[in-house]
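In this text, all values refer to a predicted model and were calculated from it rather than measured experimentally.
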Amino acid sequence: MTKKRIAAIIALCLIGLLYLAALILAFVDTALARSCLMAALFCTIVLPAMAYAYLMILKIGKKK
């Protein structure tokens with residue numbers, strides 16, 4: 001497997017887990033759950049951006 005494929009599989013698994021965590025935390029009504037929900041939603045946005053940046057770095061590294 002290539003590095004791209006491994007990174008994509010890991011990113012998809014993490015995003016799926018974050019969506020599941022966000023769904024569960026949305027129904028729990030505590031202060032800690034609210035904080036964890038916000039963290040999960042933030043990571044759901046940031047993780048794909050970081051994966052994209054990693055893939056772009058790999059692409060630039062191959063050209064050199």
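If you chain together hydrophobic residues whose side chains sit under 4.5 Å apart, I6 and L47 fall into the same group. Following chains of ILVMFWY side-chain contacts shorter than 4.5 Å, one can reach L18 starting from I10, so the two form part of one hydrophobic cluster.
The shortest side-chain heavy-atom distance between L55 and K3 does not fall under the 4.5 Å cut-off. Side-chain contact between M56 and Y52 is present, with at least one heavy-atom pair separated by less than 4.5 Å.
In this structure, the separation between CD1 on I24 and OH on Y19 is 15.0 Å, given to the nearest 0.5 Å. A distance of 12.0 Å separates CD1 of I9 from CG of L14, quoted to the nearest 0.5 Å.
Closest approach of L37 to L25, counting heavy atoms only: N-CD1, 3.7 Å. The nearest pair of heavy atoms linking A40 to T44 is O-OG1, 2.7 Å.
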